[in-house]
Amino acid sequence: RAREAPVLTAERAVNLYAVPAPEGARSAMMLRSVLGTRDFAAVPGPFLRALANCGGTIYVVSRGTVSAVADSGAVTARGTVTDDEHTSLVGAGAERVAVSAGGAYHLWDGSTLTQPGGGRLTSIGGIAYSNGYVLMAELGGGEVGWTAVGGRASRNALYFAKGVARGDKFVRLMAVGSYVWVMKERSIEVWGLAGTGSSAWAPIGGAVYEIGLRDFRLCCAVPGGLFFVGHDNVAYLAAGGAPTPVSTPPVDQALSDGEPTDCFYYEDRGHRLCVIRFSGRPALCLDVGMSRWHERAEGPDLGQWGATASANCYGQWHLGGRIGRVWRLGQTPVDATGVMLRRAVSRTLDPGKRFTAARFEVFGSFGSAEIEENAPAFLLDEFGLPVTDSDGYPIHMESPEAVTLHKRAPRGWLRFSRDGGHTWGLPKHRDFGRLGQYETRCSLRALGQYRTMTAELNMTDPVVMAFLAEAEIE
């Protein structure tokens, strides 16, 4: 906090998200690392089309193969379907798994993957399971068909109904409690049980929302509802009622300008997180309880996140990636694909006059961890001191005879901008305290003069550490 200026808070959080700070802390909020990923299973790649918990087992559809993934990570192929980007995968009761892909309906009955016929719909664009029925949407059409109750393999040409509102085409079906939401191009119809047999399902009168689904994959189930991107490039959350806009103007702009590819959901230590994955840029993640967005990126260049789907199974959350991998989430902030760069960029501090930054101090949960790594090997002189180059840096040995381990404090780096984050000064590296050094102060002094100041904090060390969302400036 500047003594004569507005509060400095995080304006951008990449691989970090805001949580309430402990009572009595210098700031109301802290920045915590997102969950990391580690390899769990390899499935046929590169395109993972669907991932779901089906009756307590993870099922995956990837490159035209339906597979079961055990808690050990062992993968067992169940059969093949057409490789289709618009694939639906749902659990359909005990040991039953339903799949729609390539316009066809498939059922794993516990021993065989079959393609039940006999229904009215010959080209299926998506499925949902509710109240003992498998419901099917007509691909590019306006009809919904269903199986016999409890008979997932039993189809009847008379078991269907037409959509009644707006006349736009169906995109996909989503089960929400005992209802099924028919997601269409420009509207949503809510369907419910209306009887038995050919009258089992029908649209509920008046339950129509004037919001369409932008794309088949831009929708996911959340506890008690749905999260999706509408045809109007707005993110919506429907939990216990009508869809409510949850995106901010910057998120709306990203949806309009970018290429969102997938939506999925996971949880982290009590926080419910809805994700919009993009091609070519970091994902946008909504913390539902905090009503705050953050970014999730991958790699040292903060590229697009590889995750495309999620499933909670075996007591843990899992993610499916486009490269044909299933990852298991964990608290260590490192990804299966490499280091996880965490970055926080502050709001620009503009007191309206030139000021001198004598001290900048960051606070956090320092002293709670340390890094063990190979000790650097330097060329030594006759006195045992490192030989330095013309710039004063120690010269590393190319092939040291012995490698030793050493422990060090986690470290990161800060940069400062005088033009609102367009350009940045040189990085200033700082340690965050070795194990037990809880009173470590991360301070920088004599930073020079500014008219405006924007700060950026970065860290890649794989340690669990949180930072207060406010810094102090003198």
- Verdict with supporting geometry, Thr147 and Arg152, side-chain hydrogen bond (donor to acceptor under 3.5 Å, both in side chains): CA-CA 6 Å; Thr147 63; Arg152 298 86 168 175; over 6 Å; no
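- More than 12 heavy-atom neighbours from other residues, nucleotides or ligands sit within 6.0 angstrom of CD on Glu185.
- Ring centroids of Trp317 and Tyr265 are separated by less than 6.0 Å, placing the two rings close together.
- In terms of modelled atom types and a separation under 3.5 Å, the side chain of Asp109 and the main chain of Arg96 share no donor-acceptor contact.
- Arg172 forms a cation-pi arrangement with Phe216, by the criterion of a distance under 6.0 Å to the ring centre and an angle within 45° of the ring axis.
- Electrostatic pairing of Arg186 and Glu210 does not count as a salt bridge here, judged by no charged N lying under 4.0 Å from a carboxylate O.
- Inspection of the Asn53 and Tyr59 side chains reveals no N or O donor paired with an N or O acceptor under 3.5 Å.
- A salt bridge (charged side-chain N to carboxylate O under 4.0 Å, His left out) with Asp335 holds for exactly one of Arg328, Arg38, Arg296; it is Arg296.
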- Task: Take Tyr209 and Val190 through the test side chain to side chain contact (heavy atoms under 4.5 Å, CB included) and record every step on the way to the result.
- Result: CA-CA 9 Å; Tyr209 304 114; Val190 180; 3.9 Å; yes
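- Looking at Phe432 and Asp461, their side chains never come closer than 4.5 Å, going by heavy atoms from C-beta outward.
- The shortest side-chain heavy-atom distance between Cys219 and Met183 falls under the 4.5 Å cut-off.
- In this structure, a donor-acceptor pair under 3.5 Å is absent between the side chains of Asn458 and Arg342.
- The side chain to side chain contact (heavy atoms under 4.5 Å, CB included) with Leu89 is formed by just one residue from the set Val60, Val61, Leu51; it is Val61.
- Remark: the Thr261 side chain and the Ser279 side chain contain no N/O donor-acceptor pair separated by less than 3.5 Å.
- In this structure, Tyr179 places its OH atom where only 12 or fewer heavy-atom neighbours from other residues, nucleotides or ligands lie under 6.0 Å away.
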